[in-house]
Amino acid sequence: MDARQILGRRGEDIGAAWLEARGMRIVERNFRCTYGEIDIIGQIGETLVFVEVRGRSSDQWGTPAESVNSKKKKKLRTLAACYLSRRKMADVDCRFDVVGILYDPAGNEPHIEWIPNAF
């Protein structure tokens with residue numbers, strides 16, 4: 001893995017642990033299909049939550065969460081439909097969350113922003 005992949009995996013690990021600590025049950029991580037990958041699929045109550053995790057070392061060009069653009073949102077909706085189809089799940093309450101992780105250059109704990117029902 002290159003440095004970017006390692007940082008991405010670290011962000012997903014941090015995000016998953018952070019969400020679990022706040023009551024989300026992690027159902028699956030790194031679901032892949034033809035259209036790409038969903039970082040985290042979790043559940044809160046009866047709601048299935050598709051989570052995009054974004055990490056950055058600086059907010060100079062915007063926050064990590066702001067990097068989830070309309071193209072990425074469309075892709076995540078397609079990926080979620082693929083997941084639901086493969087798992088033969090219908091009439092399930094779903095939502096899309098974003099977890100933004102801003103790493104501290106000094107190595108301190110990162111700042112984490114959770115946006116439930118982001119889109």
Side-chain angles (χ1 to χ4, degrees):
M1 282 202 285
D2 66 18
R4 185 172 174 231
Q5 290 171 318
I6 291 168
L7 194 61
R9 178 67 59 165
R10 179 176 168 226
E12 290 171 13
D13 291 343
I14 291 168
W18 199 86
L19 291 167
E20 281 183 312
R22 282 148 186 82
M24 182 180 290
R25 183 175 70 83
I26 305 301
V27 175
E28 190 166 340
R29 291 184 54 186
N30 305 113
F31 168 79
R32 288 181 175 85
C33 71
T34 307
Y35 307 106
E37 177 184 305
I38 299 174
D39 296 329
I40 299 170
I41 301 168
Q43 189 169 2
I44 296 178
E46 297 298 316
T47 303
L48 195 62
V49 185
F50 298 98
V51 183
E52 176 67 9
V53 178
R54 289 293 177 109
R56 286 194 170 172
S57 57
S58 165
D59 61 358
Q60 180 179 1
W61 307 109
T63 68
E66 289 172 337
S67 72
V68 181
N69 59 26
S70 58
K71 182 178 176 180
K72 183 63 177 185
K73 290 173 187 177
K74 182 178 179 180
K75 184 175 182 178
L76 289 167
R77 288 184 185 105
T78 301
L79 285 160
C82 179
Y83 177 85
L84 294 170
S85 175
R86 284 192 181 175
R87 300 297 185 269
K88 298 183 182 0
M89 300 172 87
D91 299 323
V92 176
D93 287 329
C94 299
R95 75 177 198 216
F96 295 88
D97 290 7
V98 173
V99 171
I101 301 173
L102 187 59
Y103 297 102
D104 184 307
N108 297 317
E109 288 294 314
H111 172 75
I112 300 173
E113 177 184 25
W114 178 21
I115 304 173
N117 206 24
F119 57 94

Do you reckon [X] sits in the same ILVMFWY cluster as [Y], going by side-chain contacts under 4.5 Å, direct or chained?
X: Val99; Y: Leu102; value: no
X: Leu76; Y: Met89; value: yes
X: Val49; Y: Ile14; value: yes

What side-chain donor-acceptor pairs closer than 3.5 Å can you find for residues 19-40, not counting sequence neighbours?
unit_1 : atom_1 : unit_2 : atom_2 : d
Arg22  : NH1    : Trp18  : O      : 3.0
Arg25  : NH2    : Gln43  : OE1    : 2.6
Glu28  : OE1    : Arg87  : NH2    : 2.8
Glu28  : OE2    : Arg87  : NH2    : 3.0
Arg29  : NH1    : Asp13  : OD1    : 3.1
Arg29  : NH2    : Asp13  : OD1    : 2.6
Asn30  : OD1    : Arg9   : NH1    : 3.2
Asn30  : ND2    : Glu12  : OE1    : 2.8
Asn30  : ND2    : Glu37  : OE2    : 2.7
Arg32  : NE     : Glu37  : OE1    : 3.1
Arg32  : NH2    : Glu37  : OE1    : 2.8
Asp39  : OD2    : Val53  : N      : 2.8

Can you list every ring-ring contact (aromatic ring centres under 6.0 Å, His included) pair that touches residues 38-57, not counting sequence neighbours?
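Counting only pairs at least two positions apart or across chains, the ring-ring contact (aromatic ring centres under 6.0 Å, His included) contacts touching residues 38-57 are Phe50-Tyr83, Phe50-Phe96.
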
Set of salt bridge (charged side-chain N to carboxylate O under 4.0 Å, His left out) partners for Lys72, sequence neighbours left out:
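Lys72 satisfies salt bridge (charged side-chain N to carboxylate O under 4.0 Å, His left out) with Glu52 only.
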
Measure across Ile101 and Gly11 and return the closest heavy-atom pair with its distance rounded to 0.1 Å.
CD1-O, 3.1 Å

What I'd like to find out is whether the side chain of Ile41 reaches to under 4.5 Å of the side chain of Leu48, using heavy atoms alone.
yes

Donor-acceptor contacts, no H, no angles, side chain residues 55-62, under 3.5 Å, sequence neighbours left out:
unit_1 : atom_1 : unit_2 : atom_2 : d
Arg56  : NH1    : Trp61  : O      : 3.3
Arg56  : NH1    : Gly62  : O      : 2.8
Ser58  : OG     : Gln60  : N      : 3.0

Pairs of donor and acceptor atoms involving the side chains of residues 108-119, under 3.5 Å and at least two apart or interchain, shall be tabulated with distances.
unit_1 : atom_1 : unit_2 : atom_2 : d
Asn108 : ND2    : Asp104 : OD2    : 3.4
Trp114 : NE1    : Asp97  : OD2    : 2.9

My understanding is that only residues two or more places apart in sequence, or in another chain, count here; which of them pass side chain to side chain donor-acceptor pair (under 3.5 Å) with Thr78?
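Expected list: none.
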
